[in-house]
Protein chains: 2
Amino acid sequence: MLTLSHHNPTACRAISDVLARVGDKWAVLVVELLCNGPLRFTELQRSIGNISQKMLTTTLRGLERDGLVTRTVYPTIPPRVDYELTTLGRGLHEPVKALSDWARANIDRINDARRVFDAERD
Amino acid sequence: MLTLSHHNPTACRAISDVLARVGDKWAVLVVELLCNGPLRFTELQRSIGNISQKMLTTTLRGLERDGLVTRTVYPTIPPRVDYELTTLGRGLHEPVKALSDWARANIDRINDARRVFDAERD
DNA sequence: CCGAATCCCCGCGGATACTG
DNA sequence: CAGTATCCGCGGGGATTCGG
């Protein structure tokens, strides 16, 4: 079994985990949104637009579990819950931005390649 | 609907596509392997270890479609097919490496956070 | 307002068998 | 060797309902 870090199995699985998280569309959107400061559940949901409550909850739990996001409950009525990026979460944003910058810079080439490929495939 | 690039819907979807590709475990492994030069189908399959033919084919087709990998068929008997990273593919490797470097550097913190979270959750 | 719980569907991905 | 074709199980994720 090949590994990402010079054949270290444990590190490999760990890195795959992080990459999978970045590959998760919703998780990236949430991190991006929280960059400008904390938001509450409903604000996140409205901002994203078409995410189900279930998926937003699942995404936030995952980010919280990995120590990327903090969850703060205010025992008011009605209840209020704020989500905020941790230092770790803000650190993750940097390489993610590098990747999305690369995507923006090369998306035309990728789309061209797709058109050519699809055209040749009759 | 929120978008990643200052509310440009088209670019947003495109970036999500690229992130999804990076989130694809097999795709990243293949790109990593092809960094050292071209490989044929069976070499890739043996190197990765436990990937099915179906998934390797699907992964390679996807990478080829996006212009990240070239597919070269030698009409010999038995047939031989080489896969090689394009310039675009090699370019992708750089931000991906930045991300995996971040993962390696912070995996301990993430694992600690997970243990704490799982412990508190009885 | 912020979820947890339940039902349900569809597509990913493995296993297997067959071609050029 | 390098695929394609087919069947199939399981889990991701939407819709809906209920609780604190």
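Every chain is numbered from 1 and lettered A, B, ... according to where its sequence line falls, protein lines coming before strand lines.
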Between C1' of dG3(C) and OH of Tyr74(A), the distance in whole Å: 18 Å
Measure the CZ-CZ distance between Arg71(A) and Phe41(A) for me, rounded to the nearest 0.5 Å. 9.5 Å
Would you mind reading off the distance between Trp26(B) atom CH2 and dG14(C) atom P, rounded to a whole angstrom? 6 Å
Whole-Å distance separating the CG atom of Leu44(B) from the C1' atom of dC1(D): 13 Å
Point-to-point distance, once rounded to the nearest 0.5 Å, from CH2 of Trp26(A) to CG of Leu60(A): 12.5 Å
Of Asp24(B) and Arg40(A), whose closest DNA chain C nucleotide lies nearer the 5' terminus? Arg40(A)
I'd like to know if Lys97(A) and Asp101(A) make a salt bridge, using a cut-off of under 4.0 Å between side-chain N and carboxylate O. yes
Could you grab the distance from atom CZ of Arg90(B) to atom CD of Glu84(B), nearest 0.5 Å is fine? 6.5 Å
Euclidean distance, atom NZ of residue Lys25(A) to atom P of dG12(D) [Å, nearest integer]: 17 Å
Nearest whole Å is fine: how far is dG14(D) P from Asn50(A) CG? 9 Å
Could you state the CD1-C1' distance from Ile51(A) to dG14(D), rounded to the nearest angstrom? 11 Å
Using atom names, set out every protein N or O paired with an N or O of nucleotides 18-20 of chain C below 3.5 Å, distance rounded to 0.1 Å.
none

More than 12 heavy atoms of other residues, nucleotides or ligands under 6.0 Å from CD of Glu94(A): is that the case? no
Nearest 0.5 Å, what's the CG-OG1 distance between Leu92(B) and Thr87(B)? 12.5 Å
Thr86(B) OG1 to Glu64(B) CD distance, which is reported to the nearest 0.5 Å: 10.5 Å
Lys/Arg-Asp/Glu bridge criterion (N-O < 4.0 Å) met for Asp112(B), Arg115(B): yes
Provide, to the nearest angstrom, the distance between the CZ atom belonging to Arg80(A) and the C1' atom belonging to dG3(C). 16 Å
Taken to the nearest whole Å, CG/Leu56(A) to P/dG12(D) is 17 Å
Find the distance between CG (Leu44(B)) and CG (Leu39(B)) and round it off to the nearest 0.5 Å. 5.0 Å
Detail all sub-3.5 Å separations between protein N/O atoms and N/O atoms belonging to nucleotides 3-7 of chain D.
residue: dG3(D); atom: OP1; partner: Arg61(B); partner atom: NH2; Å: 3.1
residue: dG3(D); atom: OP1; partner: Arg71(B); partner atom: NE; Å: 3.2
residue: dG3(D); atom: OP1; partner: Arg71(B); partner atom: NH2; Å: 2.4
residue: dG3(D); atom: OP2; partner: Tyr83(B); partner atom: OH; Å: 2.5

